[in-house]
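A short write-up of the structure that comes next.
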Amino acid sequence: MRQFDPVAALTERLRAAIVRVAGGGVTEAEALDPRIEANKRPELGDFQCNAAMGLAKRLGKNPREVAQAIVKAADLGDLAEPLTDKDIAGPGFINIRLRTAGVAALLSAFDTPALGVPRPEQAETVVVDLCGVNLAKQMHVGHLRSMIIGDAIARVFERLGWRSVRQNHLGDWGLPIAMVTHRVAEEVQAGRVSLDALTLDDLDRLYKEAQRECAADNRGLATARRWTMGPKAIAELEAQVSGAEAELAEAKGTLLRLQAREPATLRIWQRIADVTLSECLSICERLGVKVSQADTAGESSYAGELGPAVDDLLARGIAETSEGATVIRVEGLDQPCLIRKSDGGFLYATTDLCAIRRRVQKIGASRVIYCVDARQSLHFAQVFAAAVRAGFATRPGAPGPSRLQHAAFGMVLGEDHRPFKTRSGDNVRLADLIREAFERAEAIVRAKNPDLPGDEAHAIARAVAIAAVKWVDLSNDRIKDYVFSFDRMLAFDGDTGPYLLYALVRIRSIFRKAAERGVAFDPRAPFDPAAPAERALALSLLRFPSTLQSVAESLEPHRLCTLLYEVATLFSKFFDACPVLNADDPSTRASRLRLCDLTARVLADGLGALGIPTAERM
RNA sequence: GUCCCGGUAGCUCAGUUGGAUAGAGCAGCGGUCUUCUAAACCGCAGGUCGGCGGUUCGAAUCCGCCCCGGGGCGCCA
């Protein structure tokens with residue numbers, strides 16, 4: 001049992017009391033839930049029970065009288081002070097104050113290597129879709145969010161004992177890729193670029209050129225004709241349109257050669273993929289995001305499955321033909337999911353369906369989580385529903401489908417609240433953004449602590465920069481847009497990554513000082529959280545395991561950030577109010593050292609679960 | 001047109017799924033370093049929770065209508 005969890009312990013005890021008060025008249029579990037919460041008003045108690053009001057309604061009684069009955073029937077043992085009528089407040093809140101010895105017992109039970117996180121009987125598998133980069137395109141802040149949030153979610157599941165499999169669903173197939181492949185082939189042919197020296201910047205430029213050249217201005221031409229503009233203007237537009245159509249036809253030819261695995265074309269495509277992926281993996285590594293080559297499964301890896309899958313779905317009556325295209329209709333959604341165009345081509349929904357099948361049935365995922373921006377909400381709603389209908393989301397032998405979830409996130413905005421762009425209006429290159437964060441962090445670290453050796457300052461700056469960037473992204477509710485500001489995230493004041501690192505550094509410093517003074521750390525010294533600052537910190541630490549669980553359930557990492565920030569601020573208050581090494585007596589010192597140790601482990605563990613590195617000194 | 005997401009202090013954001021007097025951080029004002037890292041701590045000030053109705057003992061939270069902002073909407077990915 002969770003013997004360290006005060007909410008669980010109080011729930012158990014008060015449920016017994018409520019069952020007695022209800023007297024069999026009420027039996028639903030929900031109605032008997034004691035509704036234990038952290039107390040909204042700490043001066044009145046540590047926890048509160050909100051059950052009396054709801055129960056009174058069901059029993060047709062006065063809520064305060066019901067509260068009195070609960071108080072009378074409750075036995076809180078050694079954990080909390082005995083309840084009396086004085087603990088009833090307002091309409092029927094019951095305030096509960098733990099005994100110091102009770103808090104100490106909870107802390108002892110919590111102080112295990114697992115920090116109260118239960119190990120599942122059977123490891124389950126979660127697949128996290130993250131990164132989502134496209135061939136030949138520079139990464140931007142949207143990818144940053146996907147990497148940071150996706151990696152954090154994967155790590156939280158790992159911390160809870162799951163097997164987590166990251167999947168970088170590389171956009172490496174389809175007409176746009178054929179367009180740029182064709183464009184690169186032309187450039188190589190003309191001797192303007194060398195395949196060996198190809199950079200992502202080259203590719204990004206060629207990608208945009210290819211897009212532009214293939215985009216026929218048909219609407220412009222129609223408008224020009226309707227308004228009977230001058231023959232010169234119409235001729236220019238006609239030339240543009242026919243040029244674009246020719247370019248497009250060549251790109252389609254390249255697409256066919258790619259699909260036929262024609263070696264010369266494939267070699268160029270492979271080179272484009274290598275350049276893109278190596279840049280992507282390099283950024284992941286610099287950010288401490290655990291994505292490797294092995295986690296990459298591009299759209300091209302599904303190419304052979306698409307046709308058979310669609311035929312299979314048609315044969316089973318799941319898909320149908322509509323206006324020449326193949327669609328899957330799903331209940332509750334007006335828009336059907338389009339899986340084959342009338343010209344026979346496939347769409348990204350087709351690939352995503354096959355990806356779900358592989359992730360669930362081959363990789364064995366009981367949950368598949370997509371860290372993709374919120375604009376894709378409708379797409380995933382369609383694909384998920386279609387996959388469930390098709391049976392693609394169900395593992396062989398499983399009673400029902402695995403959970404498919406879209407962990408959608410909002411946009412990154414600049415300080416002007418417009419989409420985050422450079423002054424010239426381009427996307428900010430991720431590599432540039434990371435470099436700037438590192439450089440700013442290093443300058444600040446060296447200014448704040450000039451005594452640090454150069455290489456250590458460099459390493460600390462890396463941790464600080466990553467903490468700063470990730471913290472902003474993770475500490476906000478992911479569904480909302482957020483405003484990106486180097487100044488704010490690196491200001492090191494308040495609710496920032498560096499503040500968390502600093503709290504941990506201060507604790508580690510205490511232990512270094514302890515060693516210098518020859519003070520031994522006793523990992524079994526009795527806890528005695530008598531001071532208010534100690535008690536507040538202790539109760540906050542105990543929420544760590546349930547918070548991790550709630551992050552896995554909600555896929556909202558910011559809940560963990562909120563807790564860790566609370567732990568860090570409560571530690572700072574404790575640090576200010578309660579001398580540790582300079583405590584009045586050895587037993588207080590030993591107790592406080594243990595509290596420091598627990599705090600450090602919760603902070604390090606929690607930051608680790610978010611993918612944020614720590615430092616020994618700052 | 002329709003669907004989805006957002007709107008909380010000057011700014012940036014939380015709010016444990018319906019609980020008490022809505023909380024932090026920045027910015028502002030005022031305090032605290034001869035003692036474990038002041039990247040800190042303490043205090044003051046700051047609010048029609050977009051608006052109006054409804055549900056009930058009780059609403060930032062649930063329901064309805066409206067306002068503002070962003071996004072999506074069958075043959076692009």
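Reminder, nothing fancy here: chain letters follow the sequence lines and each chain counts from 1.
Counting any heavy atom pair closer than 4.0 Å across all strands shown, A:Pro579 reaches a base atom. Note on A:Ser509: a base of the nucleic acid sits closer than 4.0 angstrom, heavy atoms only. Residue A:Val483 is in sugar-phosphate contact alone, with no base atom involved, counting any heavy-atom pair closer than 4.0 Å across all strands shown. Base contact: A:Tyr502 has a heavy atom under 4.0 Å from a base atom. Using a 4.0 Å heavy-atom criterion, one finds that A:Cys49 contacts no nucleic acid atom at all.
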task: Using a 4.0 Å cut-off on protein heavy atoms (strictly under), produce a 5'-to-3' string for nucleotides 69-77 of chain B with B for base contact, S for backbone-only sugar-phosphate contact, and - for none.
output: -SSSSBBSB

Sugar-phosphate or base contact per nucleotide [nucleotides 20-35 of chain B; S, B, -; heavy atom under 4.0 Å]: BB--SSS--------B

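Here the separation of B:rC52 from B:rU48, taken at their P atoms, is 12 Å to the nearest Å. B:rC62 and B:rC4 are spaced 14 Å apart, taking the P atom of each and rounding to whole Å. B:rU8 and B:rG51 have their C1' atoms separated by 14 Å, given to the nearest Å. Remark: the separation of the P atoms in B:rC67 and B:rA60 is 23 Å, to the nearest Å. Between B:rC33 and B:rG50, the distance separating the two P atoms is 43 Å to the nearest Å. Using C1' as the reference atom, B:rA20 and B:rC42 are 26 Å apart when rounded to the nearest Å. B:rU32 and B:rG7 have their P atoms separated by 40 Å, with the value rounded to a whole Å. Rounded to whole Å, the C1' atom of B:rG18 lies 36 Å from the corresponding atom of B:rG28.
Under the 6.0 Å distance and 45° angle rule, A:Arg462 does not count as a cation-pi partner of A:Phe438.
Nearer to the 5' terminus of RNA chain B, by closest-nucleotide assignment, is the contact made by A:Gly54 (compared with the other of A:Gly54 and A:Arg512). Residue A:Glu556 is the one, among A:Glu556 and A:Phe575, whose nearest nucleotide of RNA chain B lies closer to the 5' end (criterion: closest heavy atom).
Between A:Glu556 and A:Arg559, at least one side-chain nitrogen of the basic residue sits less than 4.0 Å from a carboxylate oxygen of the acidic one, meeting the salt-bridge criterion. Salt-bridge check for A:Arg340 with A:Asp311: passed, with a basic side-chain N closer than 4.0 Å to an acidic carboxylate O. Ionic pairing of A:Glu516 and A:Arg512 is not present here: no N-O contact between side-chain nitrogen and carboxylate oxygen is shorter than 4.0 angstrom.
In this structure B:rU12 sits in a base pair with B:rA24, meeting the Watson-Crick or G-U test at under 3.5 Å. When both pairing distances are held under 3.5 Å, B:rG46 makes no Watson-Crick or G-U pair with any nucleotide shown. Pairing for B:rG6 is with B:rC68, a Watson-Crick or G-U wobble pair whose two hydrogen-bonding atom distances lie under 3.5 Å. Summarising the base pairing, B:rC73 is matched to B:rG1 through a Watson-Crick or G-U wobble pair whose two defining distances lie under 3.5 Å.
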Please list every donor-acceptor pair under 3.5 Å in which a side-chain atom of residues 377-384 of chain A meets a protein atom from a residue at least two apart or in another chain.
{"unit_1": "A:Ser377", "atom_1": "OG", "unit_2": "A:Ala374", "atom_2": "O", "d": "2.6"}
{"unit_1": "A:His379", "atom_1": "ND1", "unit_2": "A:Tyr348", "atom_2": "OH", "d": "3.3"}
{"unit_1": "A:His379", "atom_1": "NE2", "unit_2": "A:Asp352", "atom_2": "OD2", "d": "2.7"}
{"unit_1": "A:Gln382", "atom_1": "NE2", "unit_2": "A:Gln335", "atom_2": "O", "d": "3.2"}
{"unit_1": "A:Gln382", "atom_1": "NE2", "unit_2": "A:Pro336", "atom_2": "O", "d": "3.3"}

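Comparing B:rC36, B:rU16, B:rA40 by their nearest atom to the side chain of A:Glu37 picks out B:rU16.
Scored by the salt bridge (charged side-chain N to carboxylate O under 4.0 Å, His left out) test, A:Glu247 finds no partners at all (sequence neighbours excluded). Under the rule for a ring-ring contact (aromatic ring centres under 6.0 Å, His included), the partners of A:Trp269 that lie at least two apart in sequence or sit in another chain are A:Trp173.
A donor-acceptor contact shorter than 3.5 Å is absent between the side chain of A:Asp46 and the backbone of A:Pro42.
Looking at heavy atoms from C-beta onward, A:Leu353 lies out of side-chain contact with A:Val310 at the 4.5 angstrom threshold.
Annotated as anti: B:rU34, whose glycosidic dihedral deviates from 0 by more than 90°. Using a 90° window around 0 for the glycosidic torsion, B:rC29 falls outside it and is classed as anti.
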Distances for protein N or O near nucleotides 45-47 of chain B N or O, under 3.5 Å:
none

